[in-house]
Amino acid sequence: MRYLVSVALTLFGFILHGQIENEAPVIKQIYTTALVENQGYEWLEKLCSKGSRLAGSKQATQAVLDFQKIADSLGFQTQLQAVTVPHWVRGPKEIAHYEFGNKKYYMRCTALGGSVATPSEGLKAELIEIKSFAQLDSIKDELKGKIAFYNIPMDPAFINTFFAYSNAVKQRYAGALEASKKGAIAVIIRSLSATENIYPHTGSMTYVGAKKKIPAMAISTADATLLSQHLKEDPQLLFEMRMACEWKDSVQSFNLIADLPGKEIPDEIILIGGHIDSWDLGTGAHDDGAGSIHSLEAAWLLQKLDLLPSRTLRVVFFMNEEFGLTGAKEYAKQTQIKQWNHVIAMESDAGGFSPRGISIVAPDSIIDKIKMLRPLLEPYGIHQFSQTGSGADISKIKSDDLVMVGFRPDNHRYFEIHHSALDNISAVNPRELELGSATLASLIYLLDKYNIIAK
Ligand SMILES: [Zn+2]
């Protein structure tokens with residue numbers, strides 16, 4: 001069997017090798033069109049000009065409707081898929097401060113998404129600083145009646161900042177849950193930023209399993225560092241915080257599905273998507289406006305250049321990735337009901353920075369074939385072919401015979417802006433965004449043409 005696989009691979013390599021000279025000008029044309037036309041950046045500007053798209057907000061649903069119109073005008077077959085979305089609102093600007101050495105220090109702060117409010121007059125208590133998850137485990141009664149201050153930086157030693165994020169995100173996601181079990185009355189966390197800055201970063205959190213829901217706030221990394229220094233000199237300093245966020249009734253919103261039916265194999269679907277909802281501090285230009293636009297623009301490029309795949313090309317704008325993936329779950333449910341036959345699923349949800357490569361989830365023989373495409377993509381800086389997952393939204397339709405691809409742009413600036421007020425259109429470079437769309441379009445073209453699918 002192994003011998004047969006290696007013969008097949010050699011044969012594939014041989015065929016592809018012979019074709020590379022023919023394909024290189026096609027790929028060049030895709031990149032050139034993206035860079036010259038700048039269509040994706042124009043769409044992203046339009047998307048961000050309407051403000052943030054917090055799941056459950058009117059703007060999030062309006063963005064879906066606006067882009068349905070655009071897709072309709074381009075000749076896509078569109079449909080809206082109803083999704084139930086939790087609705088949490090931030091309320092008035094949060095306040096946090098403390099006194100140290102006769103001076104009042106105000107924190108740059110934000111409620112975490114989904115947090116309960118403080119009492120209306122706020123709350124005031126001493127802090128216990130937690131510098132590692134091991135320390136948290138060893139805490140017994142010290143947190144009773146106090147505020148837990150998680151100050152666990154993202155580890156700068158990681159080359160891939162997504163790994164640093166994964167290692168540190170527990171303080172945000174489960175910090176309140178764990179601290180409440182030990183009697184804390186609230187938590188503040190050091191923002192998950194890869195570099196030190198003055199911007200607070202929000203993000204999702206959970207109370208699942210908590211007996212008591214306690215308020216959770218993030219402060220900027222610069223403020224967390226300063227607070228930690230002051231605590232060393234005055235461990236009894238009193239921290240005050242006030243937040244008025246609240247949960248409302250769930251609302252109905254939509255995933256947008258936009259198809260360009262395949263002329264030869266219409267019942268096989270190549271899906272490409274991103275999530276259209278964002279956090280509310282910025283306008284979600286990178287997370288994940290860029291990924292949504294990448295998806296639409298990749299399809300538009302192939303359509304414009306008459307390079308559409310033989311299979312149906314489906315663009316999906318998923319609703320509500322940030323508050324629990326309800327859009328992705330609904331899409332997966334409908335996939336079962338409607339027996340949609342996905343053969344390739346691609347996701348862009350790592351920002352609109354310069355493309356570096358892709359991450360692939362597929363059988364080894366498929367991964368080997370995809371890696372053979374490298375000479376065609378290397379001139380555009382695409383050189384990373386890893387196997388580190390694909391994307392959160394498409395993970396819900398994962399199956400053994402689905403080739404899953406996650407777009408991997410340069411990641412060094414992503415967590416500086418992620419979930420903060422810095423995530424707006426001025427943080428997106430038009431050329432970098434366009435290169436991403438062209439990369440995804442090129443991959444769709446090549447995977448389809450050379451039948452690099454697992455079925
Ligand atoms: Zn995202």
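First listed ligand is number 1; within each ligand, the first listed atom is number 1. Numbers for residues simply follow the sequence, beginning at 1.
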Heavy atoms of other groups near Ile159 CD1, more than 12 under 6.0 Å: no
Output the atom name for the N/O/S atom of His275 with the smallest distance to the Zn ion (ligand 1). NE2
Hits for side-chain contact (heavy atoms from CB on, under 4.5 Å) against Glu416, two or more places apart or cross-chain, chain-then-number order -> Thr195, Asn197
If you look at Asp287, which of its N/O/S atoms is nearest to the Zn ion (ligand 1)? OD1
If the cut-off is 2.8 Å, does any N/O/S atom of Asp349 fall short of it from the Zn ion (ligand 1)? yes
Do Arg311 and Asn341 get their side chains close enough for a donor-acceptor pair, meaning under 3.5 Å? no
In short, salt bridge (charged side-chain N to carboxylate O under 4.0 Å, His left out) pairs touching residues 58-84 with sequence neighbours left out are Lys50-Asp66
